[in-house]
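A short write-up of the structure that comes next.
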Amino acid sequence: QVQLVESGGDSVQTGGSLRLSCAASGNTARVSCMGWFRQAPGKEPEGVGLFYLKAVRSFYADSVNGRFTFSQDSAKNVLYLQMTDLKPEDTALYYCAAQRDFRMCGDIATISTFDYRGQGTQVTVSS
């Protein structure tokens with residue numbers, strides 16, 4: 001089992017920045033990739049970005065590309081999502097997710113179906 005705990009969500013104004021953290025614990029050696037997805041009220045989950053742990057490669061949804069960036073602290077098993085130039089449409093509950101099977105890592109749109117997810121952290125962007 002893998003446990004994921006998100007933190008860092010907050011309320012900011014348009015153009016502001018936030019850094020979300022995802023602390024992983026448990027059997028993390030079996031995790032092939034991690035990612036973030038978000039869900040706004042009344043909407044379907046939306047994949048935000050995908051991070052391959054061993055290859056250290058990142059992929060982002062078009063809606064956040066150029067504004068959001070992954071980084072990691074391997075020693076602490078923490079994955080960060082730096083978010084800049086935030087917009088009201090970024091408002092959502094943000095979840096961290098982890099996948100064991102590398103073959104299931106390929107599509108940002110499927111991050112919400114990964115093996116493990118955290119409880120979420122709220123990001124609110126006001127205009």
Side-chain angles (χ1 to χ4, degrees):
Q1 287 291 323
V2 174
Q3 294 78 42
L4 303 172
V5 178
E6 304 97 333
S7 62
D10 205 344
S11 295
V12 297
Q13 293 191 330
T14 297
S17 299
L18 285 173
R19 189 178 76 163
L20 304 185
S21 300
C22 175
S25 61
N27 198 0
T28 58
R30 299 188 63 186
V31 172
S32 296
C33 65
M34 296 179 68
W36 288 86
F37 71 95
R38 63 190 182 186
Q39 188 164 19
K43 294 189 176 181
E44 293 294 313
E46 176 190 12
V48 172
L50 181 64
F51 185 80
Y52 287 87
L53 298 177
K54 292 180 174 62
V56 193
R57 293 187 65 187
S58 305
F59 298 90
Y60 302 94
D62 290 343
S63 58
V64 306
N65 197 25
R67 299 188 297 123
F68 290 11
T69 306
F70 281 117
S71 63
Q72 67 171 339
D73 184 333
S74 301
K76 296 181 179 179
N77 286 332
V78 178
L79 181 68
Y80 300 103
L81 181 68
Q82 180 69 47
M83 306 188 297
T84 63
D85 190 23
L86 284 163
K87 305 175 181 181
E89 51 263 42
D90 294 318
T91 295
L93 189 58
Y94 282 70
Y95 295 89
C96 177
Q99 176 63 253
R100 294 172 297 174
D101 189 343
F102 179 82
R103 296 169 297 179
M104 304 298 289
C105 289
D107 189 350
I108 288 178
T110 64
I111 292 176
S112 63
T113 66
F114 280 7
D115 294 326
Y116 308 104
R117 67 166 67 176
Q119 293 300 309
T121 185
Q122 179 67 39
V123 173
T124 302
V125 184
S126 58
S127 56

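- Using a 4.5 Å cut-off on side-chain heavy atoms (C-beta onward), V2 and D115 make no contact.
- The main-chain N or O of T110 is found under 3.5 Å from a side-chain atom of T113 such that the two form a donor-acceptor pair.
- Under the 3.5 Å distance criterion, the side-chain polar atoms of Q82 are left unmatched by any main-chain donor or acceptor of T69.
- A distance of 6.0 Å separates CG of L18 from CG of D10, quoted to the nearest 0.5 Å.
- Taking the six-membered ring wherever Trp is involved, the centroid distance between the rings of Y52 and F102 falls below 6.0 Å.
- Using a 4.5 Å heavy-atom cutoff, the side chains of M83 and V123 are in contact.
- The two residues V48 and I108 have their closest heavy-atom pair at N-CG2, 4.1 Å.
- When side chains are defined from C-beta on, V125 counts as touching T14, because their heavy atoms get closer than 4.5 Å.
- By the 6.0 Å and 45° rule, R38 does not stack over the aromatic ring of Y94.
- Taking the six-membered ring for Trp, F68 and Y60 have ring centres at least 6.0 Å apart.
- By the salt bridge (Lys or Arg N to Asp or Glu O under 4.0 Å) test, R67 is found to be paired with D90, residues two or more places apart in sequence or in another chain being considered.
- Checking S63 against E46 by side-chain atom types alone, a donor-acceptor pair falls below 3.5 Å.
- Note: Y116 OH to Q99 CD = 9.0 Å, rounded to the nearest 0.5 Å.
- S21 places no side-chain N or O within 3.5 Å of a backbone atom of G8 that could act as its donor or acceptor partner.
- To the nearest 0.5 Å, the span separating OG on S71 from CZ on F51 amounts to 8.0 Å.
- Residues C33 and F114 meet the side-chain proximity criterion, which asks for heavy atoms closer than 4.5 Å.
- Residues E6 and C96 come closest through the heavy atom pair OE2-N, 2.8 Å.
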